[in-house]
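Below is one structure, written out as structure tokens, with a few remarks after it.
Just so you know, these numbers come straight off a predicted model, no measurement behind them.
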Protein chains: 2
Amino acid sequence: MPENPDGIGAAFAPHDHSHCSSRALNDATERLATEGGRLTPVRRRTLEILLESHRAMGAYEVLDRLAAEGFGRQPPVAYRALEFLVQHGLAHRLQRLNAFAACLHPGADHQPAFLICSECDRIAEVPSGPMRDALGDVASGAGFVVDRVTVEAVGTCAICAEARA
Amino acid sequence: MPENPDGIGAAFAPHDHSHCSSRALNDATERLATEGGRLTPVRRRTLEILLESHRAMGAYEVLDRLAAEGFGRQPPVAYRALEFLVQHGLAHRLQRLNAFAACLHPGADHQPAFLICSECDRIAEVPSGPMRDALGDVASGAGFVVDRVTVEAVGTCAICAEARA
DNA sequence: AGACGACTGTAACACTATAACAGAACGGAG
DNA sequence: CTCCGTTCTGTTATAGTGTTACAGTCGTCT
Ligand SMILES: [Zn+2]
Ligand SMILES: [Zn+2]
Ligand SMILES: [Zn+2]
Ligand SMILES: [Zn+2]
């Protein structure tokens, strides 16, 4: 099942991760240039930290890293940087985990679904279009107008399934 | 759009709410009888409190109510009762809100999607089958096996849309 | 230089959740 | 009925998550 670099669920296949992060960082810089946000040192470093793995990190975990590198050591330092990244589509917040993960496909204005492996904690971002359509149907039947949707699936990833066999 | 008592999104239509809660309470009692759980006083009262409205309540909000009625006043009292209800399918946890809501259709083993009105905080439970199917497809493309899914939509309900017009 | 807004840092606090332990209540075996 | 193991309730204490308020800094524009 693995071996589709850059594709859906690439996080769950062995791959050269430095590509993921350097590309995401480039895309981010580019996007902010056109959109008008400043990627200051704390913010940039926060994004780099999130990009180190396909995992979600708690705000305090990020904060520890930042503090160790000479940035502020109070919660707002991390929360502000993370909020900035989320607002500009460079990171996502995972409700189930109270945690944040870097976005690996910035550039497109997206509202993805997430696959969360309960064994290894790796995260993958997948398109949520079909689900949003299905939900829109059900919702409009109830006279409800959907604004934002959270879709988060917990399960077992390809790597862990393989390992267990 | 309103006027479909008991149907999908009934929470967003004017209705005789005492029906909702008494029926849910009956179903709950019945379900526990066959399944083998004890609906003790704290647990029953917790369920009743959740059933008072189609809103989600924080654990501490529930706790205040319980304490005022002579039950314990420490967090575990509320968290344990709520956990019991969730485990037996009599209530649900809303990840986006860090809050809990009574289940209005116990009896079926379901894993619903939620519609959350950002204006009035009312909650509706809708079937998530189509979405789970759609997600399953995408996930299996990535070699991911889905276990549990969280679907929570934030938007505007029929009542609030009406009121604004 | 001076004024302004956006950014960073701190202290203090609020909210959410769990761990660990002691006593009470229940239910079955003898 | 009594004893015993289990489940339930309550407590204290602590861990984890997130926000408010305020002060100083830095870049930018006039
Ligand atoms: Zn993304
Ligand atoms: Zn895994
Ligand atoms: Zn339900
Ligand atoms: Zn509403």
Side-chain angles (χ1 to χ4, degrees), chain A residues 28-29 32-33 35-50 55-88 90-101 116 121 150 152, chain B residues 28-29 32-33 35-50 55-88 90-101 116 121 150 152:
Chain A
T29 313
L32 287 179
E35 213 177 78
R38 288 170 51 198
L39 194 59
T40 60
V42 219
R43 293 170 176 174
R44 180 185 181 93
R45 194 68 196 109
T46 301
L47 180 53
E48 287 170 357
I49 289 169
L50 290 181
R55 285 172 45 245
M57 293 179 78
Y60 281 75
E61 202 179 342
V62 171
L63 179 58
D64 285 347
R65 294 284 307 275
L66 291 174
E69 298 179 18
F71 296 101
R73 46 186 62 259
Q74 302 303 323
V77 170
Y79 280 102
R80 284 195 291 233
L82 290 166
E83 187 190 9
F84 172 88
L85 296 175
V86 169
Q87 227 133 34
H88 288 78
L90 307 178
H92 298 286
R93 179 181 206 129
L94 290 141
Q95 306 285 348
R96 284 196 78 104
L97 307 176
N98 292 328
F100 302 80
I116 305 169
D121 291 327
T150 301
E152 295 177 5
Chain B
T29 313
L32 287 179
E35 211 177 80
R38 289 171 50 200
L39 194 58
T40 62
V42 219
R43 292 170 178 174
R44 181 186 181 91
R45 194 68 196 110
T46 301
L47 180 53
E48 288 170 356
I49 289 169
L50 290 182
R55 286 171 43 247
M57 293 178 78
Y60 280 75
E61 203 179 341
V62 171
L63 179 58
D64 285 346
R65 293 283 308 272
L66 292 173
E69 300 179 18
F71 295 100
R73 48 186 62 259
Q74 303 303 322
V77 170
Y79 279 101
R80 283 194 292 233
L82 290 165
E83 186 191 12
F84 172 89
L85 295 175
V86 169
Q87 226 131 36
H88 288 78
L90 307 178
H92 298 288
R93 180 182 205 129
L94 289 142
Q95 306 287 346
R96 285 196 77 104
L97 306 176
N98 292 328
F100 302 81
I116 305 170
D121 291 326
T150 300
E152 295 177 3

Which side-chain N or O atoms in residues 61-78 of chain B pair as donor and acceptor under 3.5 Å with protein atoms at least two apart or in another chain?
| from | atom 1 | to | atom 2 | distance (Å) |
| --- | --- | --- | --- | --- |
| B/Glu61 | OE1 | B/Gly58 | N | 3.4 |
| B/Arg65 | NH1 | B/Glu52 | OE1 | 3.0 |
| B/Arg65 | NH2 | B/Glu52 | OE2 | 2.9 |
| B/Glu69 | OE1 | B/Arg45 | NE | 2.6 |
| B/Glu69 | OE2 | B/Arg45 | NH2 | 3.3 |

Run A/Tyr60 and A/Tyr79 through side chain to side chain contact (heavy atoms under 4.5 Å, CB included) and show every step you take. CA-CA 9 Å; A/Tyr60 281 75; A/Tyr79 280 102; 3.6 Å; yes
What N/O pairs connect the protein and nucleotides 11-16 of chain C at under 3.5 Å? Give each pair on its own line.
| from | atom 1 | to | atom 2 | distance (Å) |
| --- | --- | --- | --- | --- |
| C/dA11 | OP2 | A/Gln74 | NE2 | 3.4 |

Nearest-Å distance, CZ (B/Phe84) to C1' (C/dA17)? 20 Å
CG of B/Leu85 to CZ of B/Phe100, rounded to nearest 0.5 Å, is 9.5 Å
Any side-chain heavy atom of A/Thr150 within less than 4.5 Å of one from B/Gln95? no
My understanding is that only one of A/Leu82, A/Ile49, A/Thr46, A/Leu94 makes a side chain to side chain contact (heavy atoms under 4.5 Å, CB included) with A/Met57; could you say which? A/Ile49
By nearest heavy atom, map B/Ala99 and A/Val42 onto DNA chain C; which one lands nearer the 5' end? A/Val42
So how far is it from A/Glu83 CD to A/His88 NE2, rounded to the nearest 0.5 Å? 10.5 Å
It should be established whether A/Arg43 places a side-chain nitrogen or oxygen under 4.0 Å from OP1 or OP2 of nucleotide C/dT8. yes
Min and max contacting nt of DNA chain D in 5' to 3' order, chain B heavy atoms within under 4.0 angstrom, are D/dC8 to D/dT12
Indicate, with a heavy-atom threshold strictly under 4.0 Å, whether A/Arg80 touches base, sugar-phosphate, or nothing. base
For residues A/Leu90 and A/Leu50, determine if any side-chain heavy atom of one lies less than 4.5 Å from a side-chain heavy atom of the other. no
Calculate, to the nearest 0.5 Å, the distance between atoms CZ and CD belonging to A/Arg93 and A/Glu152 respectively. 10.5 Å
